[in-house]
Every structure is written in C-alpha cells, then in structure tokens.
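Here is the structure we will look at.
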Amino acid sequence: MIRINTFRLITLIACFCSAIALGQGSLHHPSAKKIIPGADQTSLYLNYLKGKNIGMVVNQTSVIGDKLTPSVDSLVTLGINIKKIFGPEHGFRGNASNGATVNDSTDPKTGLPVISLYGKHYKPTPADLNGINLMIFDIQDVGARFYTYLSTLQYVMEACAENNVELMILDRPNPNGFYVDGPVLDTAYKSFVGMNAVPIVYGMTIAEYAQMINGEGWLKNHMQCKLKIIKVANYNHNLAYTLPVNSSPNLNTGQSILLYPSLCLFEGTTLSLGRGTYTPFEEVGHPLLKGKYTYNFTPVSIPGMSEDPPQKNNVCYGIDLKNYDTGIIRSSGKLNLTWLLELYNAFPDKTHFFNAYFVKLAGTDQLRKQIEAGKTEQEIRESWEPALSRFKIMRRKYLLYN
C-alpha cells in the first residue's frame with residue numbers, strides 16, 4: 001500500500017491553487033497542461049480545409065508548432081490550396097514600420113499574391129474575395145483596443161458577410177486577457193484605432209471578440225459573419241502567456257506587451273515612448289524633462305521598427321520601466337494612469353503636451369480634459385462608470401474560456 005503524506009499533499013494543493021489565483025498555474029506547475037493555440041491543433045481543421053480555396057489573414061505571429069513555422073508555409077506544404085494572403089499593418093512578414101503604408105505584393109517564398117489591408121484599403125474587396133471559399137484569420141492580439149488588428153478583423157468579417165464567405169478563426173491567447181479596464185470608447189470618436197464601444201483593455205481573445213462583433217450587431221447593416229472557431233486548448237483568462245514571436249516590430253518583449261495598454265496613450269502626446277530605440281514601450285521621456293529626471297535615452301531611425309520616431313536624435317529624460325514589476329498590473333487588474341498624470345504634471349509646456357491623436361486613443365474627449373483640470377486618478381476612474389461595468393456584463397455572453 002502506498003502511504004500518502006497528508007500534510008505534504010495539502011501543502012502542494014494549496015501552492016497550486018495559489019499559483020492559479022495569481023494567473024501562473026499553467027506555466028509553472030510541472031503537471032500543468034501546455035497552452036495550445038488553435039493554429040497548432042491542425043487535426044481539428046485540416047480536413048475542413050481540403051478541397052477549398054483558402055484566403056489567409058496572417059502576419060509574422062501566424063506560426064504553427066514548436067519550430068514556429070509560418071502557418072501559410074505549413075499549410076501549403078500539407079497540400080492545402082491557399083489562394084491569397086491578406087496582410088495587416090506591418091505586412092504579412094511583419095517587417096514594415098508602425099503606420100507605414102503596405103502595398104500589395106507577391107510573397108517570394110510561396111509565390112502567393114499578398115493583398116495589403118493597410119494600404120489602399122482596410123477591407124477586402126469583392127474582387128479580393130472572388131473564388132475564395134473560406135477565409136482564415138490567424139493573428140496574435142495583445143488585448144488593447146487601439147491595436148489595429150481588431151479593426152482588421154472587423155473589416156474582414158464585414159467583407160466575408162457581404163460576400164457570403166465563411167471565416168475560420170484560429171484563436172490565440174490574449175497576454176492581457178486577465179483584466180478589463182479603461183474608458184469605454186465614445187463612438188463619436190471611432191477610428192481605425194478604436195471602432196466599437198469597448199474599454200481600452202477588453203479581456204477577450206480574437207475569437208471571443210469576433211463573437212461580440214456579431215452578437216452586438218457591429219457590422220454594417222447588422223450583418224452576421226459565419227464563423228468557425230478553433231479554440232485554444234488548456235487556456236483560461238487568468239493564465240499568463242508569453243508570445244513565441246514578437247507581436248509587432250515595436251512590441252518585442254513580454255514586458256512591452258504588458259505595459260502597452262497603459263503606455264500607448266503617450267502616442268497622443270509630444271513625449272517619446274521609446275520608438276526609435278530597441279526597448280519601445282518600456283521607457284517614456286522628453287528633452288524638456290531634463291533636470292526633473294536623470295534616466296535618458298535617444299530615439300534614432302531604426303529601419304523596420306521606426307524610421308522617423310518622435311523626438312528623433314533628441315536626448316529624452318523620463319521614466320525607465322524595463323524592470324517595472326508588471327505583476328502589479330496583474331494583481332490590481334488596472335491600467336496604470338500614474339505615469340500619464342505624473343509626466344503631465346512634470347512637463348513645463350502643458351499647452352503642447354497633448355496632440356489630436358490622444359482623443360482617438362483614449363476613445364473619448366473626457367480623459368484629456370480631466371487631466372488638464374487636475375482630476376485625481378480616482379475621480380477619472382469613477383467617470384468610467386457605469387459604462388465599464390455594463391461592458392463587463394455584456395462581455396460574459398461571448399467568452400469561450402473561464
């Protein structure tokens with residue numbers, strides 16, 4: 001008979017439960033199951049693809065297996081009839097800088113036509129979809145409303161609905177999927193960096209968000225896109241997830257991805273958030289903050305990342321967040337507004353702190369007004385209600401994972 005050390009067993013169970021509560025259980029407990037993105041589970045969808053003419057909305061994050069083989073390359077090798085590739089911001093292979101126009105091209109590796117959804121048009125045209133039986137969307141999201149792949153998803157869904165083409169989503173974990181926070185977008189300020197009434201951090205995977213687009217009637221004329229979802233295995237929203245591939249040229253570390261929802265608002269200011277360095281979204285500063293901060297960095301032109309970054313060739317003084325404990329964000333479940341408020345208060349030329357882009361990123365004209373009026377973080381947060389709570393309730397209807 002095997003004797004069980006009851007105390008040791010209880011201790012192990014308690015540690016495991018504690019780890020799960022912190023969102024780390026799946027990654028750090030030796031018996032935990034590995035998170036498997038939808039794309040990796042080829043046995044669930046390969047037969048469905050056979051005999052169909054396929055279009056794929058993909059970028060450099062669209063990989064399959066431990067060798068991180070691009071999903072297009074992998075499926076072509078497996079005999080699937082890929083007809084066209086659709087590339088979002090940064091392009092199909094992910095080597096275009098932020099905001100850079102991406103033109104249609106031919107992929108040199110596969111010989112397939114690549115249609116840009118970040119060039120002449122954001123939405124596939126009827127001609128683009130001509131002859132396509134099934135579209136596949138396989139792009140890694142990072143869970144912030146202003147990350148443009150959400151808008152690409154919506155335009156693709158709309159085009160598929162209009163042209164009676166089914167959309168398969170190969171779902172992937174959301175590294176910021178463990179919380180929901182921020183002002184809910186006022187649709188008077190909708191743009192490509194925010195199309196729907198959702199908060200900055202919405203806590204959903206791409207597939208869950210697609211279900212919400214359908215369910216809330218957000219497509220033109222309240223159309224419905226026919227969806228087929230390949231879920232992530234062994235995943236829930238509390239689990240930490242490290243991306244195997246950089247999500248975009250300027251989100252190149254796990255640290256930057258977790259800081260992104262809080263720091264991207266600085267794109268709507270005159271400050272640099274590290275574009276033009278190799279640690280973007282891990283530092284914030286400006287030349288006029290010299291004397292108030294000692295940490296400094298100098299943005300320069302970096303091809304493929306940021307050719308013309310804010311404050312190029314100027315020494316910027318400010319805050320270094322490379323070693324910031326992002327566990328604080330996980331435990332609090334909140335955006336960090338402290339840096340925005342602190343740097344605004346420290347900045348000597350307040351009339352030129354914000355630019356017009358800030359309102360689009362915030363999704364409302366209220367946040368800028370509140371900061372300029374000297375509102376506290378608590379007062380700002382209170383203004384996000386009741387819209388934020390209403391969104392959290394609505395969100396539950398579309399969740400695929402706990």
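Under the side-chain hydrogen bond (donor to acceptor under 3.5 Å, both in side chains) rule, Gln378 has a single partner from Lys375, Arg381, Glu382, which is Glu382.
By the 30° and 60° cut-offs, the orientation of the rings of Phe192 relative to Tyr155 is parallel. Note: Tyr401 and Tyr235 have perpendicular aromatic rings, judged against thresholds of 30 and 60 degrees for the angle between ring planes.
Between the Asn214 side chain and the Cys225 main chain, a donor and an acceptor come within less than 3.5 Å of each other.
A donor-acceptor contact under 3.5 angstrom links the side chains of Asp349 and Thr351, judged on distance only. Using a 3.5 Å distance cut-off with no hydrogens or angles, the side chains of Tyr295 and Glu283 do pair a donor with an acceptor. For the residue pair Ser256/Thr253, the side-chain donor-acceptor check at 3.5 Å is satisfied. Glu342 and Thr338 share no donor-acceptor pair across their side chains, judged by distance under 3.5 Å alone. At a cut-off of 3.5 Å, with distance as the only test, a side-chain donor of Ser383 or Gln370 sits close to an acceptor on the other residue. Inspection of the Asn174 and Thr205 side chains reveals no N or O donor paired with an N or O acceptor under 3.5 Å.
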Worked verdict on Leu185 versus Asn196 for side chain to side chain contact (heavy atoms under 4.5 Å, CB included): CA-CA 7 Å; Leu185 179 137; Asn196 302 311; 5.9 Å; no
Candidate pair Lys109 and Asp73, rule salt bridge (charged side-chain N to carboxylate O under 4.0 Å, His left out), full reasoning: CA-CA 8 Å; Lys109 187 169 184 179; Asp73 302 350; 3.1 Å; yes
Side chain to side chain contact (heavy atoms under 4.5 Å, CB included) evaluation trace for Leu167 with Lys226: CA-CA 6 Å; Leu167 178 65; Lys226 185 180 180 183; over 6 Å; no
Side chain to side chain contact (heavy atoms under 4.5 Å, CB included) assessment of Thr364 paired with Val359: CA-CA 6 Å; Thr364 169; Val359 171; over 6 Å; no
Trace of the side chain to side chain contact (heavy atoms under 4.5 Å, CB included) decision for Ile371 with Leu341: CA-CA 7 Å; Ile371 293 170; Leu341 296 173; 3.8 Å; yes
Stepwise side chain to side chain donor-acceptor pair (under 3.5 Å) test for Glu216 and Tyr398: CA-CA 10 Å; Glu216 296 303 313; Tyr398 306 108; 2.4 Å; yes
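In this structure, Tyr344 has its ring center no closer than 6.0 Å to that of Trp339. Checked against a 6.0 Å centroid threshold, the rings of Tyr260 and Tyr147 count as neighbours. In this structure, Phe347 has its ring center under 6.0 Å from that of His286. Aromatic pair Tyr209/Tyr202: centroids less than 6.0 angstrom apart.
Atom CG of Asn53 sits about 10.0 Å away from atom CG of Asn130, to the nearest 0.5 Å. A distance of 8.0 Å separates CD1 in Ile302 from CG in Asn250, rounded to the nearest 0.5 Å. The line from NZ of Lys83 to CD1 of Ile132 is 7.5 Å long, rounded to the nearest 0.5 Å. One finds the OH atom of Tyr317 at 5.0 Å from the CG atom of Asn296 (value rounded to the nearest 0.5 Å). Note that CD1 of Ile200 and CG of Leu361 are 8.0 Å apart. Values are rounded to the nearest 0.5 Å. Distance CG/Asp141 to CG/Leu243: 9.5 Å, rounded to 0.5 Å.
The two residues Arg145 and Ala362 have their closest heavy-atom pair at NH2-O, 2.7 Å. Across all their heavy atoms, Ala39 and Tyr45 have their closest contact at O-OH, 2.6 Å. Scanning both residues, Glu377 and Leu335, for their nearest heavy atoms gives OE2-O, 4.4 Å. Taking all atoms of both residues into account, the shortest heavy-atom contact from Cys264 to Leu273 is CA-CD2, 4.2 Å. When every heavy atom of Val58 is checked against every heavy atom of Pro88, the shortest pair comes out as O-CD, 3.3 Å. Residues Gly268 and Phe358 approach most closely at O-CB, 3.3 Å, considering heavy atoms.
Surrounding NZ of Lys350 are more than 12 heavy atoms belonging to other residues, nucleotides or ligands, all under 6.0 Å away. Remark: Asn313 CG is packed, more than 12 non-hydrogen atoms of other residues, nucleotides or ligands lying under 6.0 Å away. Other residues, nucleotides and ligands place more than 12 heavy atoms under 6.0 Å from the NZ atom of Lys392. In the displayed structure, His121 atom NE2 is contacted under 6.0 Å by more than 12 heavy atoms of other residues, nucleotides or ligands. Other residues, nucleotides and ligands contribute at most 12 non-hydrogen atoms within 6.0 Å of the CG atom of Asn402.
A cation-pi arrangement is found for Lys52 relative to Tyr48, the charged atom lying closer than 6.0 Å to the ring centre and inside a 45° cone about the ring normal. Cation-pi contact between Lys334 and Tyr179: absent, since separation from the ring centre below 6.0 Å together with deviation from the ring axis within 45° is not met.
A salt bridge does not link Lys312 to Glu307: none of the charged side-chain nitrogens sits closer than 4.0 Å to a carboxylate oxygen. Between Glu208 and Arg395, no side-chain nitrogen of the basic residue sits less than 4.0 Å from a carboxylate oxygen of the acidic one, so the salt-bridge criterion is not met. The existence of a salt bridge linking Arg172 and Asp138 is confirmed by a sub-4.0 Å separation between a basic side-chain nitrogen and an acidic carboxylate oxygen. A salt bridge is absent between Lys228 and Glu166: the closest approach of a Lys/Arg side-chain nitrogen to an acidic carboxylate oxygen does not fall below 4.0 angstrom. The pair Lys322-Asp320 meets the salt-bridge criterion, with a side-chain N (NZ, NE, NH1 or NH2) lying under 4.0 Å from an Asp/Glu carboxylate O.
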